[in-house]
Amino acid sequence: MVTWTSLVVGLVVGCLLTVGVFLIRRKQHRLQSELDRNTAERILDEARREAGAIRQDAEIEAKDGILKARAEFEDDIRETRRDLQSLERRLLGREEVLDKRLEGLENRETGLSNREGAIEKKEQAVGEKEMETQRLVDEAKQRLEIVAGISREEAKKSLMEEMFEEARYDSARRIRVMEEQARTEADREAKKMIALAIARLAGDFVTERTVSVVSLPNDEMKGRIIGREGRNIRALEAATGIDLIVDDTPESVIISGHNPIRREIARMSLETLISDGRIHPGRIEEVVRRCEREIDDVIKEAGQKAVFDVGVHGIHPELVKLLGRLKFRYSYAQNVLLHSIEMAFICGSMAAELGLNEKQARRAALLHDIGKAVDHEVEGSHAIIGGELARKYGESPKIVNAIAAHHEEVRAETILAPLVDAADALSGARPGARREMLETYVRRLEELERISNSFKGVEKSYAVQAGRELRIIVQAAHVSDDEAASMARAVAKKVENEMAYPGQIKVTVIRETRAVEYAH
């Protein structure tokens, strides 16, 4: 019983405690809610107060910004107004200038209109004068027709016939002169070609230049050179390509041939065989081959020495070898290699004076006669052959053209060609360069003096500088200064027409007045 009572009491007390706790918590919750509401209201009031303060600050800042923007706007307006005023003043100034110009143009237009009117009046007057002039001309023509007794058409026809006859006569005369000149030039060129062909194969000194003489120790050596049934001399001639002449000339054998290199090989071979004493066909072939090698070395050395002396480099070895072959070649009794070297220095000096490439000029001059090294083997002139050889072995187009054109057989494309031509004339035509017969030399001098003395007023004439210059002294009383100049041209023309000569001849006419008095 007690236990259940205690349990019930405990339950009741527990329930009461639970209800009490619930009520207390509820009250606490209510108090907390009221407290939260008060806090919220307080926070809201504070937020309202802060928002009001912020609004006031924003209004103040906005007012300040508006005032500042207004001040800046007013400053901009004032600046713009000043700019507009300045621009307005400038426009007003330009407008005044344009007004003045317009006024000037109007005045000028008025002046031009006045001038145009005056010109029209003058043109009208000129037209009237032209009409009057034409009328007078027509009247004069009518009077002339009446006086002459022929009409205008008849006079025109007569005049045209007379002019036609005169033109036909003049053209016939000119054609005749041109034919004579062409005939003269053709004759001169024909003589030149024939002379060159003869000079290449023969001439006054053919014996000297195509024959070599080998001395023998005794006449018994002739038999050994001929050999049994002539086998030795036949072997030597076959190996060298040169003719050996064994005649009655004591202690000598003559070697004859136009090829100077082959003739030199034959001479060296024969001298070697004579000094050695062993002469038979096998030994002859061996000696000839050795002499050929020695001549090749001599040729190469001569070409290299020429290139070194002239001061040009980079020439193809084959051209150097061909250049060395010119050591054994003569033209008009002048050694072609020495002529080429001399020409190189002359051409280089002229190029230096003209401000041109001196090395290039020397190179072209040195190689200008390279075709003569093979002109016996190849058809054509040595200038064209030389140009082809230079092109074949890599020379520049300028050098090739200078070589091919130095005798004017092709058109000169650069200044090098006339330079080489001039240097060739200087080297070949200078006194003593080429051998000339005394009779021919004297005859040329006499012919020059005869031509100059044939002119009226000539007192004396002298052919000087080996016939390269003709000096004529005229009588001052009979020949004026203008006539002296005309005489120089006439003499030069007559020399050109009547004489054949290498290079050029300078004609100088001298006229002077001398006053002589004696004091006693």
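Computed from heavy atoms alone, side chains included, the values below leave out hydrogens, waters and symmetry copies.
With sequence neighbours left out, the side-chain hydrogen bond (donor to acceptor under 3.5 Å, both in side chains) criterion links Glu237 to no other residue. For His280, there are no side-chain hydrogen bond (donor to acceptor under 3.5 Å, both in side chains) partners at least two apart in sequence or on another chain. With sequence neighbours left out, the side-chain hydrogen bond (donor to acceptor under 3.5 Å, both in side chains) criterion links Glu294 to no other residue. Applying the side-chain hydrogen bond (donor to acceptor under 3.5 Å, both in side chains) test to Glu130 and every residue at least two apart in sequence or in another chain returns nothing.
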message = Before you tell me yes or no, could you show the steps for Glu264 and Lys327 under salt bridge (charged side-chain N to carboxylate O under 4.0 Å, His left out), namely the whole-Å CA-CA distance, both residues' side-chain angles and the distance that decides it to 0.1 Å?
response = CA-CA 11 Å; Glu264 182 67 14; Lys327 177 180 179 180; over 6 Å; no

key: side chain to side chain contact (heavy atoms under 4.5 Å, CB included) between Val509 and Val491, intermediate numbers included   = CA-CA 9 Å; Val509 177; Val491 172; 5.6 Å; no

request  = Would you sort out whether Ser269 and Ile284 count as a side chain to side chain contact (heavy atoms under 4.5 Å, CB included), showing the intermediate values?
outcome  = CA-CA 8 Å; Ser269 301; Ile284 289 172; over 6 Å; no

request  = Please report the C-alpha distance between Ser461 and Glu449 in whole Å, then the side-chain angles of each, then the deciding distance to 0.1 Å, and finally whether the side-chain hydrogen bond (donor to acceptor under 3.5 Å, both in side chains) criterion is met.
outcome  = CA-CA 6 Å; Ser461 62; Glu449 294 181 355; 5.2 Å; no

ask   = Are Arg267 and Glu271 close enough, and set up right, to give a salt bridge (charged side-chain N to carboxylate O under 4.0 Å, His left out), and what steps lead you there?
value = CA-CA 6 Å; Arg267 185 190 64 80; Glu271 289 181 350; 2.9 Å; yes

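The distance from atom SG of Cys347 to atom NE2 of His368, rounded to the nearest 0.5 Å, is 9.5 Å. Separating the CG atom in Leu337 from the CG atom in Asn335 is a distance of 6.0 Å, to the nearest 0.5 Å. Once rounded to the nearest 0.5 Å, the distance linking CG of Leu236 with CG of Asp243 reads 10.5 Å. Annotation: the span from Ile370 atom CD1 to Tyr393 atom OH amounts to 10.0 Å, rounded to 0.5 Å. We find the CD-CZ distance between Glu498 and Arg450 to be 5.5 Å, quoted to the nearest 0.5 Å. Atom CG of residue Leu112 and atom CZ of residue Arg115 lie 6.5 Å apart, to the nearest 0.5 angstrom.
The list of salt bridge (Lys or Arg N to Asp or Glu O under 4.0 Å) pairs with a residue in residues 349-361, not counting sequence neighbours, reads Glu358-Arg362.
Within the 4.5 Å cutoff, the side chain of His478 has no heavy atoms near those of the Lys456 side chain. Looking at heavy atoms from C-beta onward, Leu273 lies in side-chain contact with Arg283 at the 4.5 angstrom threshold. Looking only at side-chain heavy atoms (C-beta outward), Leu366 and Met343 stay at 4.5 Å or farther from each other. Taking 4.5 Å as the limit, some side-chain heavy atom of Ile299 sits within range of a side-chain heavy atom of Phe328. For the pair Leu470 and Thr508, the minimum side-chain heavy-atom distance is 4.5 Å or more. Under the 4.5 Å side-chain criterion, counting only non-hydrogen atoms from C-beta, Leu419 is in contact with Leu356. Side chains of Lys460 and Val474 form no contact here, defined as non-hydrogen atoms less than 4.5 Å apart. Ile473 has its side chain out of reach of Glu512: every pair of non-hydrogen atoms, C-beta onward, lies at least 4.5 Å apart.
Between the side chain of Asn401 and the backbone N or O of Pro397 there is no donor-acceptor pair closer than 3.5 Å. In this structure, the side chain of Arg325 does not engage the main chain of Val374 through any donor-acceptor pair within 3.5 Å.
Taking both residues in full, the closest heavy atoms of Leu389 and Gly371 are given as CD1-CA, 4.4 Å, listed atom of the first, atom of the second, then distance. Of all heavy-atom pairs between Ile403 and Ala390, the closest is CD1-CB, 3.7 Å. In plain terms, the two heavy atoms of Ile472 and Ser452 that are nearest each other are CD1-CB, 3.5 Å. Contact detail for Ala306 and Ile341: the closest heavy-atom pair is CB-CD1, 3.8 Å. Among all heavy-atom pairs drawn from Lys398 and Thr414, the shortest one is CG-CG2, 3.9 Å. Pairing each heavy atom of Val420 with each of Ala365, the nearest pair is CG2-N, 4.1 Å.
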Cut-off 3.5 Å, no hydrogens considered: what does the side-chain donor-acceptor table look like for residues 307-323, sequence neighbours left out?
| unit_1 | atom_1 | unit_2 | atom_2 | d |
| --- | --- | --- | --- | --- |
| Asp309 | OD2 | Lys305 | NZ | 2.9 |
| His316 | ND1 | Glu318 | N | 3.0 |

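The distance between the ring centers of His382 and His406 falls below 6.0 angstrom.
Side chains of Lys494 and Ser454: a donor on one and an acceptor on the other come within 3.5 Å.
For Arg363 and Glu395, the salt-bridge test passes: some basic side-chain N is under 4.0 Å from an acidic carboxylate O. Using a 4.0 Å cut-off between a side-chain N of Lys or Arg and a carboxylate O of Asp or Glu, Lys372 and Asp369 qualify as a salt bridge.
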